[in-house]
2 protein chains.
Amino acid sequence: MSPGHTEITAPVVSCDDDCGIRDVLDRLGDKWSVLVVVQLAAGVHRFKELQRAVDGVSQRMLTLTVRRLERDGLVTRTVHPTVPPQVEYELTALGHSLTHLVKGLADWSLAHRPQIEAARRAWDAKADMPS
Amino acid sequence: MSPGHTEITAPVVSCDDDCGIRDVLDRLGDKWSVLVVVQLAAGVHRFKELQRAVDGVSQRMLTLTVRRLERDGLVTRTVHPTVPPQVEYELTALGHSLTHLVKGLADWSLAHRPQIEAARRAWDAKADMPS
DNA sequence: CAGAATCCTTAACGATACTG
DNA sequence: CAGTATCGTTAAGGATTCTG
């Protein structure tokens with residue numbers, strides 16, 4: 001191994017081509033999927049409950065989000081043919097397995113938030129300086 | 001506690017308001033940040049090396065991405081005033097601490113990809129059915 | 001209540017050209 | 001090489017209205 005700069009060692013997660021990470025990232029990337037999964041990790045929710053819990057999500061986006069999660073097999077959608085319609089969403093086993101990772105991200109986020117904010121302040125302060 | 005449906009138990013990760021998860025998610029959400037972090041986890045990279053390694057990223061987006069990562073304190077940018085300019089990017093300790101989580105996501109992704117694809121095929125097949 | 005449909009605004013992204 | 005600047009496209013998301 002020559003010293004100095006990069007020799008491009010074995011990629012941590014082969015991302016030479018898109019071998020799957022992107023698929024998951026695209027689902028985690030959108031604004032609401034993770035938040036919904038996190039909420040559902042606490043238990044079964046009806047549509048309106050979800051919307052209140054996530055706070056900020058429009059009804060349209062919540063619909064789209066749960067549909068995509070359902071399509072990916074992360075949540076189940078159960079319709080009860082009652083007089084006011086009642087639909088319950090629940091995490092599948094697959095969905096629950098993701099919860100641990102999401103929890104990890106949340107923990108990391110909370111733990112390192114001060115550092116990140118400090119770095120941002122430092123950067124922004126530097127940027128304001130003319131010379 | 002009444003039985004039946006949801007009583008909204010304690011949130012897994014308090015997301016009543018946005019208490020930090022979103023900040024991290026927004027950085028994970030964009031198309032390239034994670035890929036760049038993953039590449040840098042393998043070692044120091046120059047700008048062009050990164051662009052080749054990530055494959056698909058435009059020079060503009062790579063610039064924006066590394067700038068944001070630098071602002072957040074996840075990577076360092078070192079300029080060597082050589083005759084052709086040479087800039088090296090490297091993960092900070094903070095950046096490295098994120099690597100574990102990203103690796104976890106990648107592993108999960110690879111492990112459960114078949115399940116997700118199967119679920120999608122099933123969903124799409126069902127959707128095509130007229131009745 | 002749960003949702004489908006429509007319209008509209010924004011910003012993420014990509015391609016190209018130019019610079020130190 | 002490592003950017004910056006500009007432009008055009010597209011997709012994500014929000015607001016609103018209507019329906020079973």
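Throughout, a chain's letter reflects where its sequence line sits, starting with A, and its residues are numbered from 1. The figures here come from the full heavy-atom set of this structure, side chains too, leaving out hydrogens, waters and symmetry mates. Given the structure is predicted, the values throughout are model-derived calculations rather than measurements.
Between the Ser109(A) side chain and the Leu105(A) main chain, no donor and acceptor come within less than 3.5 Å of each other.
Residues from residues 60-69 of chain B that place a heavy atom under 4.0 Å from any atom of DNA chain D, listed by number: Arg60(B), Thr63(B), Arg67(B).
When the side-chain nitrogen and oxygen atoms of Tyr89(A) are compared with OP1 and OP2 of dC1(C), none of them lie within a distance under 4.0 Å. Within the structure, every side-chain polar atom (N or O) of Lys48(A) is placed at least 4.0 Å from both OP1 and OP2 of dG3(C).
Between atom CD of residue Glu90(A) and atom OG1 of residue Thr76(A) there is a gap of 5.0 Å, rounded to the nearest 0.5 Å. Between Gln115(A) atom CD and Leu74(B) atom CG the span is 9.5 Å, to the nearest 0.5 Å.
Within 6.0 Å of atom NE2 in His80(A), more than 12 heavy atoms from other residues, nucleotides or ligands are found, so the atom counts as buried in its surroundings.
Partners of Arg60(B) by side-chain hydrogen bond (donor to acceptor under 3.5 Å, both in side chains), not counting sequence neighbours: none found. For the salt bridge (charged side-chain N to carboxylate O under 4.0 Å, His left out) test, residues two or more places apart in sequence or in another chain that qualify with Arg71(A) are Asp124(B). For Trp108(A), the ring-ring contact (aromatic ring centres under 6.0 Å, His included) partners at least two apart in sequence or on another chain are His112(A).
Regarding His45(A), its NE2 atom lies at a distance of 12 Å from the P atom of dA2(C), rounded to whole Å. Rounded to a whole Å, the CD atom of Glu49(A) is 13 Å from the C1' atom of dA2(C).
For DNA chain D, the outermost nucleotides in 5' to 3' order that have an atom under 4.0 Å from a heavy atom of chain B are dC1(D) to dT6(D).
In this structure, Gln39(B) and His45(B) have side chains that are in contact, with non-hydrogen atoms separated by less than 4.5 Å.
Map Pro85(A) and Val57(A) each onto its nearest nucleotide of DNA chain D; the residue landing nearer the 5' end is Val57(A).
A salt bridge links Asp107(A) to Lys103(A): at least one charged side-chain nitrogen sits closer than 4.0 Å to a carboxylate oxygen.
Remark on the helix from dC1(C)-dG20(D) to dG20(C)-dC1(D): inter-end axis angle 40°, axes from five-pair C1' superpositions, rounded to 10°.
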Full working for side chain to side chain contact (heavy atoms under 4.5 Å, CB included) between Val37(B) and Val75(B): CA-CA 8 Å; Val37(B) 168; Val75(B) 312; 5.5 Å; no
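In terms of hydrophobic clustering, with Ile, Leu, Val, Met, Phe, Trp and Tyr side chains grouped at heavy-atom distances under 4.5 Å, Trp123(B) and Val66(A) are assigned to different clusters.
With dT16(C), dA5(C), dC13(C) as the candidates, the nucleotide lying closest to the side chain of Asp30(B) is dC13(C).
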